[in-house]
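Here the structure is laid out as structure tokens; the discussion comes afterwards.
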Amino acid sequence: MSTPQRLTGLTGATGTTGTEGKSPGRWLALSVLVLAVLLVAVDATVLGLATPALSEDLQPSGTQLLWIGDIYSFVIAGLLVSMGSLGDRIGRKKLLLIGATAFGAVSVLNAYATSPEMMIVARALLGVAGATLMPSTLALIRNIFHDPRERSLAIGIWGATASAGAAIGPVVGGALLQHFYWGSVFLINLPVMLVLVLVGIKLLPESKNPVAGPWDLVSVGLSLVGIIGIVYAVKELATHGPSGEAWAAALIGAASLYAFVRRQFTLTAPLLDMRLFRHRGFSGAVLADLLTVFGLSGLVFFLSQFLQLVQGREPLEAGLAELPAAIGAVVTGLVAGSYARKFSVRGVVAGGLAAIGLALGVLTLVHQDTGYPLLGAALLVVGLGAGFSFTVTADVILSSVPKEQAGSASAVSETAYELGAALGIALLGSIVTGVYQEFTAPANVPAAVADAAHESLGGAVEAAKAVDPQTAHTMVAAAQEAFVDGLRMASGVGAAVLLATAAAAWFLLRGQKLQDGIEH
């Protein structure tokens, strides 16, 4: 065995051996981690295509439907920092396998939910299980791959899977919904999780921080309340405008996050080392990470409904129509690291963010009869941009810390990912919903039918069955037009946010480089 060498990150050092850096099973181990990431990412968007069938079966209100869509990402975002820190302490492999088992079990509860309330609770529990998986996967990559170039490729595969998973969700959902009931989009998790657990036990190495200290439950509670409070406030303000409830949630969330940050500076073993954010490149990468997924997930969520409920596509056809986003993310995710080394980190990240922003800008031109070439091209550009930006920012975040802190750094990256997904659905989806609810139903429609139609576009299609065909056609046409108006407005907001973030990333990531060569 070779003499142990010292590994140096951008902000600290750890020990390893040259032999460890070239473990022969490292790529097989990566395949297990990628499987976990794929499943969690797919589950964030797979429900999009099932929304019409779920709405017909469970009859949720518009607000309940939004909660069903985004509570999963809310809970994951709120718990990721805590779970990343827990993995550092008890072992990342152990936490991953426990989480995978729980994820499979709770998927059954989701599949057989019988009411909107039960579905919301089941999705929240699935988020708890999902929160144990994501930071463990990226932290294990940091500990398996010690050569920075190999690690960049591994993170590229991981990032491509995470980005593509969000776009593949509708395809998986569409294929299942073509032949089975909506609960099948959750039952598919069971065989995948079984393979993950059985193979993971054999292939994955265990790793933890030997001097991590105790797990601070007060910090866990503060981070959970803080993130969920802020995201809930954003959702309520976007959907219903200013209200006492929304401002109260914002105040509680902000106060909790402030207390969380203050507490981290007083602990000898903090849940999250806040000093990491003093690194301009680290902070810039986290911001870019969050907004990349914001654009991707928001787009996938409302386009799934547009393709089905406005353009009348079958679930599988609609899912396949969104495939260009996944293809783009995979292609650029695999080459992002080498491009960042050849050109610059800030060029690749800012360029990726700008591409997403421009594609969203193009969607402000969409109307009910827009042909697929425009939609497909926009989705492809979004995927290409997401693959570049998300992969490189994850690499920057992970290489900025010693490997003992990999769980905490991974949790920051994953929190940005899930918070971006939650905000994308909540903010952009809420803009669509807010504009949609302003449409005028025909005068002869009963009040109860009109109220049901205003809850959601899926609700309008279902409610139309209660009136005569001519009135139904008029009402659904008005609802579809209002939905498209909302989609255009949400696309415009998303485009402005992404282009502004591209400009910010250009300055924040100035001088940032990826590591090169074997760490020593």
Side-chain angles (χ1 to χ4, degrees), residues 1 14 16-17 19-44 76 79-80 82-111 125-147 150-151 153-155 157-162 165 168 172 186-210 212 215 394 398 403-411 413-414:
M1 176 159 308
T14 64
T16 188
T17 68
T19 305
E20 288 173 335
K22 295 291 185 179
S23 168
R26 62 195 184 284
W27 296 107
L28 285 174
L30 177 66
S31 68
V32 177
L33 301 177
V34 163
L35 193 62
V37 170
L38 180 65
L39 204 57
V40 176
V42 164
D43 259 63
I76 287 185
L79 285 176
L80 274 169
S82 301
M83 292 303 179
S85 179
L86 182 62
D88 285 345
R89 287 159 169 77
I90 70 170
R92 292 136 191 166
K93 174 182 177 178
K94 182 186 295 183
L95 186 65
L96 179 70
L97 297 179
I98 291 172
T101 303
F103 199 90
V106 178
S107 293
V108 177
L109 184 63
N110 280 262
L125 292 174
L126 198 65
V128 174
T132 67
L133 299 178
M134 295 297 272
S136 297
T137 59
L138 196 51
L140 284 165
I141 287 174
R142 176 68 172 85
N143 282 271
I144 292 170
F145 293 92
H146 301 295
D147 181 329
E150 280 197 347
R151 187 170 65 234
L153 178 58
I155 291 174
I157 294 170
W158 177 92
T161 304
I168 290 171
V172 174
F186 296 107
L187 294 178
I188 192 67
N189 294 342
L190 296 179
V192 179
M193 280 302 177
L194 182 62
V195 171
L196 192 159
V197 171
L198 293 179
V199 178
I201 290 172
K202 294 285 187 182
L203 287 181
L204 292 177
E206 185 56 283
S207 70
K208 65 173 71 173
N209 184 349
W215 199 51
L398 201 58
K403 71 173 185 175
E404 279 82 0
Q405 291 182 287
S408 295
S410 302
S413 177
E414 288 308 319

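Residue indices begin at 1 and follow the sequence shown. These figures come from a predicted structure and were not determined experimentally. Note: hydrogens, waters and symmetry copies are ignored here, and every other heavy atom, side chains too, is used.
- In this structure, Leu133 CG and Met193 CE are separated by 5.0 Å, a value rounded to the nearest 0.5 Å.
- To the nearest 0.5 angstrom, Leu33 atom CG is 11.0 Å from Leu28 atom CG.
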Pair up each side-chain donor or acceptor in residues 93-110 with any protein partner under 3.5 Å, not counting sequence neighbours, and list the distances.
residue : atom : partner : partner atom : Å
Lys93   : NZ   : Ile201  : O            : 2.9
Lys93   : NZ   : Leu204  : O            : 3.0
Thr101  : OG1  : Leu97   : O            : 3.0
Ser107  : OG   : Phe103  : O            : 2.7
Ser107  : OG   : Asn189  : ND2          : 2.8
Asn110  : OD1  : Arg123  : N            : 3.4
Asn110  : ND2  : Val106  : O            : 2.9
Asn110  : ND2  : Ala122  : O            : 3.1

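- Note that CH2 of Trp27 is 5.0 Å distant from CD1 of Ile157, once rounded to the nearest 0.5 Å.
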